[in-house]
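All heavy atoms count here, side chains included; hydrogens, waters and symmetry mates do not. Just so it is clear, the structure is predicted and the values come from calculations on it, not from any experiment. Position 1 is the first residue of the sequence, and the numbers go up from there.
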Amino acid sequence: MSNNSISNSQTPDNSTEAKRILTGIKPTGIPHLGNYVGAIRPAIESIQNSEHEAFFFLADYHGIIGCYDPAIIHESTKTIAATWIACGLDPERVTFYRQSDVPEIPELAWILNCSCAKGLMNRAHAYKASVDINMEKSDVDPDQGVTMGLFGYPVLMAADILMFNATHVPVGRDQVQHIEMARDIAGTFNHRYKTLFTLPSAVVDNDIPLLTGLDGRKMSKSYSNTIPLFGEPNPQVSPEKQMHKAIMKIVTNSQLPSEPKDPDDSAIFEIYKAFATPEEIADMRAQFAAGIGWGDAKTALFNKINDEIAPFRARYEELMNNPKELEEILQMGAEKARRHSRKQLDKTRRAIGIRPLAKLK
């Protein structure tokens, strides 16, 4: 948890500069509508008319914590990079890079590990959840199945953030603890060695909707209830038809056309609100009260989503068919990122005593 005794006076001199925003994207699976509404669209919109620095990275080292299929990690990296660029992320405007292309990050993670208290990691939600599951079983070690990657995940996340002295980190509510831990880790290092790291702040937008999936539960790859943003690779079925087919699978009740329906109890209406204007939402609410048929409601939902997503598809397909262009974009971003990371790591190494013994001619 965050150590509230650490004050902002421990923030380096560059804390007085403009905001520096950092967002990580874990490459596991194919992006779906919930990812778009909850992360991709708001992140891109937030920096379009902003003067603040922004760092966006593909967190592939985080991805291997729970995914042991190299093909999934590789393909997801390609898919997610293409998705963000297609949806409007400008690699010239932001620093967009792959975590594994910045070797200073894992080195910083090790340095931070050496001053991070194990007790802090014991309190991490993901680790505690794994232990709790094991404790419910008989004759099972509490740490069975727990890798050091899972246990030390918050330190690597702290290194991602502190390497660039990010001031603001947009996260979901379930990730706030990790930002608090990053603050603790930064504060400990600053106190023990030298004030090098900014204490980051979590940014949680409570107005961002969490979409319901096809089966009425939260939209999640874990539940296999998602609506793919650009579809699965399938030469027989276009991405547009795949989206239409998925939307038609949304679970509804048995009410007939002409029967008034409660829009606030409908996944269709909930998703519709995430794409429609206030006037369109009011009109759809009136149609629910008038008894719109479920098929018509799903068609209206598909048309509304497709109006927004369709313009991105061509660019997405272009990038997916040209991985060389994607790689060039990521390498350009990695070089931009390393202009910061090389300097920060050098300062950090010198602070802990790892520096040249003498200048050589």
Side-chain angles (χ1 to χ4, degrees), residues 23-48 56-60 63 67 72-91 94 96 98 170 172 205 208-215 217-250 267-268 270-276 298-323 325-326 329-330:
T23 299
I25 311 112
K26 191 158 66 173
T28 50
I30 294 175
H32 56 74
L33 218 58
N35 300 142
Y36 175 75
V37 170
I40 298 172
R41 185 173 66 183
I44 293 173
E45 288 177 348
S46 71
I47 54 102
Q48 281 179 336
F56 289 76
F57 70 97
L58 300 171
D60 48 354
C67 178
I72 290 177
I73 294 293
H74 180 78
E75 190 62 24
S76 292
T77 299
K78 176 183 173 184
T79 300
I80 292 172
T83 296
W84 279 80
I85 298 297
C87 289
L89 186 69
D90 182 357
V94 306
F96 182 55
R98 184 170 40 206
D205 189 343
I208 293 177
L210 297 176
L211 298 190
T212 298
L214 303 180
D215 59 359
R217 294 180 292 179
K218 172 189 171 183
M219 189 176 293
S220 169
K221 290 187 286 283
S222 302
Y223 299 142
S224 299
N225 66 352
T226 63
I227 300 172
L229 191 58
F230 294 120
E232 305 269 357
N234 188 335
Q236 277 73 47
V237 184
S238 70
E240 186 172 325
K241 288 183 177 179
Q242 289 184 52
M243 178 179 284
H244 182 269
K245 184 177 180 180
I247 289 172
M248 290 299 165
K249 291 181 179 178
I250 295 175
I268 297 171
E270 179 198 86
I271 300 172
Y272 186 87
K273 288 193 298 182
F275 290 86
K298 291 176 180 179
T299 296
L301 173 61
F302 166 74
N303 289 334
K304 178 50 58 182
I305 295 172
N306 198 52
D307 286 346
E308 182 166 331
I309 301 302
F312 304 146
R313 286 199 187 103
R315 179 58 173 150
Y316 174 80
E317 292 298 330
E318 180 183 316
L319 289 166
M320 289 297 288
N321 291 325
N322 187 8
E325 181 181 356
L326 273 178
I329 290 171
L330 291 175

*Asks:* Suppose we screen for side chain to side chain contact (heavy atoms under 4.5 Å, CB included). Which residues come up paired with Thr212, at least two apart in sequence or across chains?
*Replies:*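 Partners of Thr212 by the side chain to side chain contact (heavy atoms under 4.5 Å, CB included) criterion, ordered by chain and then number, come out as Ala267, Glu270.
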*Asks:* Using 0.5 Å steps for rounding, measure from the NZ atom of Lys241 to the CZ atom of Phe302.
*Replies:*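 One gets 10.5 Å once the value is rounded to the nearest 0.5 Å.
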*Asks:* State the CG-CD1 distance between Leu326 and Ile80, to the nearest 0.5 angstrom.
*Replies:*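 One finds 12.0 Å between CG of Leu326 and CD1 of Ile80.
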*Asks:* Sort and list the pairs that fulfil side-chain hydrogen bond (donor to acceptor under 3.5 Å, both in side chains) and have at least one residue in residues 307-321, not counting sequence neighbours.
*Replies:*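 For residues 307-321, and leaving out neighbouring residues, the side-chain hydrogen bond (donor to acceptor under 3.5 Å, both in side chains) pairs sorted by first residue read Tyr36-Glu308, Arg41-Glu308, Asn306-Arg313, Arg315-Glu318, Arg315-Glu325.
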*Asks:* Within the structure provided, determine whether Cys87 and Leu229 are in side-chain contact (heavy-atom separation under 4.5 Å).
*Replies:* yes
*Asks:* Using side-chain heavy atoms (C-beta onward) and a distance below 4.5 Å, is Thr83 in contact with Ile25?
*Replies:* no
*Asks:* Ile85 and Pro91: which non-hydrogen atoms are nearest, and at how many Å?
*Replies:* CD1-CD, 3.9 Å
*Asks:* Can you list every pair that meets salt bridge (charged side-chain N to carboxylate O under 4.0 Å, His left out) and has a residue in residues 27-40, with sequence neighbours left out?
*Replies:* none
*Asks:* What about the rings of Phe96 and Trp84, do their centers lie closer together than 6.0 Å?
*Replies:*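 Ring centroids of Phe96 and Trp84 are no less than 6.0 Å from each other.
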*Asks:* Does Phe275 form a side-chain contact (heavy atoms from CB on, under 4.5 Å) with Val37? I'd like the steps, not just the answer.
*Replies:* CA-CA 9 Å; Phe275 290 86; Val37 170; 3.7 Å; yes
*Asks:* For His32, which residues count as a side chain to side chain contact (heavy atoms under 4.5 Å, CB included) partner, sequence neighbours excluded?
*Replies:*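 By the side chain to side chain contact (heavy atoms under 4.5 Å, CB included) rule, His32 matches Asn35, Met219, Lys221, Thr226.
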*Asks:* For Lys298 and Ile247, indicate whether the former's side chain and the latter's backbone hold a donor-acceptor pair under 3.5 Å.
*Replies:*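 No; zero donor-acceptor contacts below 3.5 Å.
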*Asks:* Taking side chain to side chain contact (heavy atoms under 4.5 Å, CB included) as the test, write out the residues that go with Ala39, two or more places apart.
*Replies:* none
*Asks:* Could you give the distance from CG (Leu33) to CD1 (Ile271), rounded to the nearest 0.5 Å?
*Replies:* 6.5 Å
*Asks:* Can you tell me if Ser46 uses its side chain to pair, donor with acceptor, with the backbone of Ala43 under 3.5 Å?
*Replies:* yes
*Asks:* Please report the interatomic distance CZ(Phe57) to CG(Leu330), rounded to the nearest 0.5 Å.
*Replies:*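 The distance works out to 13.0 Å.
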*Asks:* A side-chain contact here means heavy atoms from C-beta on lying under 4.5 Å apart; do Leu211 and Ile227 qualify?
*Replies:* no
*Asks:* Ignoring hydrogens, what is the shortest heavy-atom contact between Pro27 and Ser76? Give both atom names and the distance.
*Replies:*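 Closest pair (atom of Pro27, atom of Ser76, distance): O-CB, 3.2 Å.
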*Asks:* Report yes if some heavy atom in the side chain of Thr299 is under 4.5 Å from a heavy atom in the side chain of Met248; otherwise report no.
*Replies:* yes
*Asks:* Enter the distance from Thr79:OG1 to His74:NE2 here, rounded to the nearest 0.5 Å.
*Replies:* 9.5 Å
*Asks:* Please answer whether the main-chain N or O of Val237 pairs with a side-chain N or O of Gln242 as donor and acceptor at a distance below 3.5 Å.
*Replies:* yes
*Asks:* Do the non-hydrogen side-chain atoms of Tyr223 and Leu214 ever get within less than 4.5 Å of each other?
*Replies:* no
*Asks:* Determine, stepwise, if the pair Lys249 / Asp215 fulfils side-chain contact (heavy atoms from CB on, under 4.5 Å).
*Replies:* CA-CA 8 Å; Lys249 291 181 179 178; Asp215 59 359; over 6 Å; no
*Asks:* With heavy-atom distances below 4.5 Å as the criterion, would you say the side chains of Met320 and Glu75 are in contact?
*Replies:*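 Side-chain contact under 4.5 Å: yes.
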*Asks:* Between CD1 of Ile44 and OG1 of Thr23, what distance do you get to the nearest 0.5 Å?
*Replies:*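 Answer rounded to 0.5 Å: 10.0 Å.
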*Asks:* Side chains of Asp205 and Pro170: closer than 4.5 Å at any heavy-atom pair?
*Replies:* no
*Asks:* Tell me every residue that passes side chain to side chain contact (heavy atoms under 4.5 Å, CB included) with Lys26, counting only those two or more places apart in sequence or in another chain.
*Replies:*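 Expected list: Thr28, His62.
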